[in-house]
J.: 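This is the structure I want to talk about, given as structure tokens.
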Amino acid sequence: MSDLLRLGLHDLHVELGGKMVPFAGYEMPVQYPSGVMKEHLHTRAQAGLFDVSHMGQVILRPKGSYEATARALEALMPVDVLGLAEGRQRYGLFTNDTGGILDDLMFANRGDHLFVVVNAACKAADIAHMQANLSDTTEVVPVTDRALLALQGPGAEAALAALVPQAAAMRFMDVAVIDTVFGALWISRSGYTGEDGFEISVPQGGAEGFARALLAQAAVAPIGLGARDSLRLEAGLCLYGHDIDTTTSPVEAGLTWAIQKARRAGGAREGGFPGAARILHELAEGPERVRVGLRPDGRAPMREGVALATPDGTPVGQVTSGGFGPSVEAPVAMGYVARAFSEIGTALTGDVRGKALPVTVAPMPFNPTTYKR
């Protein structure tokens with residue numbers, strides 16, 4: 001793994017017994033000695049600490065007005081950037097000219113600038129994309145001297161508030177900059193597990209002390225990539241490169257909630273984003289295929305790539321994510337099927353090692369979300 005990048009907290013992960021594996025160009029902890037199952041259930045019951053420093057952090061600093069920067073970013077996404085209030089964060093999607101998704105991201109209005117968090121595997125391309133398209137109005141500044149930690153679960157608020165009392169008053173998707181003994185923390189009340197929780201950007205110099213102060217609390221345990229994936233799958237959240245990519249549109253992916261009224265047909269700023277013709281058409285007429293939740297019968301998981309068919313053998317789609325859900329105590333999956341077969345309760349089959357096993361289209365999330373709204 002000599003060609004891989006290391007996290008700033010690499011030595012701490014090794015000290016905690018983390019099993020380090022290659023992921024998105026980094027050495028990352030996939031699990032700790034307690035194992036994926038216990039880490040998953042601990043996060044659902046108490047609080048899990050994830051190191052997500054491999055993800056990209058970027059500041060978009062206006063060269064002129066904030067409005068010009070917001071409008072320029074809005075021109076890259078079917079999302080209302082201009083209308084986002086100060087101190088709030090929103091989910092966004094970079095799209096391409098054919099309406100596919102280049103990446104999904106989070107962006108925050110921090111008063112005089114925007115703060116963006118993008119996926120690790122896409123961050124170089126995303127930064128180049130923003131530099132190419134925003135440079136007339138905006139300075140695109142990659143943040144390379146801060147760790148990014150996620151604290152998730154019902155115990156997250158109490159654990160973080162023990163160090164940063166102001167965090168307790170934040171609502172889902174609030175953002176704040178709070179000075180602490182660990183340096184200025186950039187906090188958002190969000191995450192990607194379906195649980196209430198926070199993502200915290202920490203100056204590299206204060207990151208280890210901050211992580212150790214959280215882990216010193218009985219409720220907080222370190223959690224690796226394995227449980228992060230099973231948690232987001234139970235929450236019905238897309239994983240870029242698997243459930244969404246450059247060929248899938250936001251409408252197919254069931255992400256229409258991320259396209260605000262202002263950007264839709266008849267809205268104040270209708271269209272004007274890459275792939276608008278396809279996306280607006282699919283919003284009006286419906287897409288040919290859609291992402292659905294899937295509940296396999298029995299205990300055998302259906303993983304990415306499993307072909308889906310009707311009981312009489314007609315091909316209708318494919319699984320894009322799947323595994324065993326520790327909280328629901330059963331296999332869960334998601335994938336794309338032709339729209340005619342997307343109704344909840346539709347009986348299908350999945351081809352698992354040559355056997356057509358029964359699977360049913362099911363509602364998502366598989367485990368209820370607990371966001372503090």
Side-chain angles (χ1 to χ4, degrees), residues 35-45 48 104 152-154 191-195 223 225-245 248-258 286-371:
V36 173
M37 180 77 79
K38 287 186 178 178
E39 291 173 26
H40 178 116
L41 295 174
H42 181 93
T43 303
R44 290 273 186 246
D104 61 341
Q152 302 281 290
Y192 218 60
T193 61
E195 293 292 328
I223 309 296
L225 289 172
R228 180 173 169 81
D229 192 54
S230 59
L231 288 158
R232 73 91 199 160
L233 177 59
E234 283 186 339
L237 298 169
C238 294
L239 180 63
Y240 192 80
H242 300 264
D243 308 300
I244 50 176
D245 59 27
T248 53
S249 78
V251 185
E252 287 178 327
L255 300 174
T256 53
W257 55 267
E288 293 184 1
R289 60 172 190 161
V290 293
R291 182 172 64 97
V292 295
L294 297 161
R295 291 292 299 267
D297 290 2
R299 305 287 287 180
M302 292 187 183
R303 303 190 187 280
E304 182 177 4
V306 165
L308 298 167
T310 60
D312 66 3
T314 304
V316 295
Q318 192 172 57
V319 172
T320 52
S321 282
F324 190 80
S327 301
V328 300
E329 299 181 329
V332 292
M334 63 176 82
Y336 286 84
V337 298
R339 182 156 54 115
F341 301 95
S342 63
E343 290 295 319
I344 302 297
T346 301
L348 301 173
T349 65
D351 184 345
V352 180
R353 295 186 291 277
K355 292 184 178 178
L357 301 181
V359 58
T360 304
V361 176
M364 291 188 287
F366 301 107
N367 191 71
T369 58
T370 60
Y371 306 133

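Atoms considered below: every heavy atom in the structure, side chains included; atoms not considered: hydrogens, waters and symmetry mates. All values reported here derive from a predicted model rather than from experimental measurement.
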J.: So Gln152 and Thr370, side chain to side chain contact (heavy atoms under 4.5 Å, CB included) or not? Walk me through it.
T.: CA-CA 10 Å; Gln152 302 281 290; Thr370 60; over 6 Å; no
J.: Judged by atom type as modelled, is there a donor-acceptor pair below 3.5 Å linking the side chain of Asp243 to the main-chain atoms of Leu239?
T.: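 Yes, because the side chain of Asp243 sits within donor-acceptor range (under 3.5 Å) of the backbone of Leu239.
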J.: Which donor-acceptor pairs under 3.5 Å do side chains of residues 355-364 form with protein atoms, sequence neighbours excluded?
T.:
none

J.: For residues Pro311 and Ala347, report the shortest heavy-atom separation together with the two atoms involved.
T.: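 Smallest heavy-atom distance, with atoms named: CD-O, 3.4 Å.
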J.: Measure from the side-chain N and O atoms of Thr369 to the backbone N and O of Tyr371, and report whether any donor-acceptor pair falls under 3.5 Å.
T.: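 No, Thr369 side chain to Tyr371 backbone: no donor-acceptor pair under 3.5 Å.
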J.: Taking all heavy atoms of Pro287 and all of Val251, pick out the closest pair and write down the distance.
T.: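 What the structure gives for the nearest pair is CD-CG1, 3.9 Å.
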J.: With sequence neighbours left out, which residue pairs that include part of residues 289-307 fulfil the side chain to side chain donor-acceptor pair (under 3.5 Å) condition?
T.: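 For residues 289-307, and leaving out neighbouring residues, the side chain to side chain donor-acceptor pair (under 3.5 Å) pairs sorted by first residue read His242-Glu304, Glu252-Arg289.
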J.: What pair of heavy atoms forms the shortest contact from Leu308 to Gly350, and how long is it?
T.: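 Heavy-atom minimum between the residues: CD2-CA, 4.1 Å.
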J.: Any chance you could lay out the side chain to side chain contact (heavy atoms under 4.5 Å, CB included) test for Leu233 and Met334, step after step, and finish with the verdict?
T.: CA-CA 8 Å; Leu233 177 59; Met334 63 176 82; 3.7 Å; yes
J.: What heavy-atom pair brings Pro296 and Pro331 nearest, and what distance separates the two atoms?
T.: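 Heavy atoms of Pro296 and Pro331 come nearest at CD-O, 3.4 Å.
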J.: Under a 3.5 Å distance rule, please check whether Tyr192 uses its side chain to pair with a backbone N or O of Cys238 as donor and acceptor.
T.: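 Confirmed, Tyr192 side chain pairs with Cys238 backbone.
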J.: Which pair of heavy atoms, one from Ala235 and one from Pro365, lies closest together, and at what distance?
T.: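 Scanning both residues completely, I find the closest heavy atoms to be O-CB, 3.4 Å.
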J.: Under the side chain to side chain donor-acceptor pair (under 3.5 Å) definition, can you give me all pairs with a residue in residues 327-353, not counting sequence neighbours?
T.: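 Matches after skipping sequence neighbours: His40-Ser327, Arg44-Ser327, Glu234-Ser327.
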J.: For Asp104, which residues count as a salt bridge (charged side-chain N to carboxylate O under 4.0 Å, His left out) partner, sequence neighbours excluded?
T.: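 Applying salt bridge (charged side-chain N to carboxylate O under 4.0 Å, His left out) to Asp104 gives none.
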J.: Could you tell me the separation between the CD1 atom of Ile223 and the OG1 atom of Thr43, rounded to the nearest 0.5 Å?
T.: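 The OG1 atom of Thr43 is 3.5 Å from CD1 of Ile223, to the nearest 0.5 Å.
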J.: What are the two closest heavy atoms between Gly335 and Thr320, and how far apart are they?
T.: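 Answer, listing the atom of Gly335 first, then Thr320: CA-OG1, 3.5 Å.
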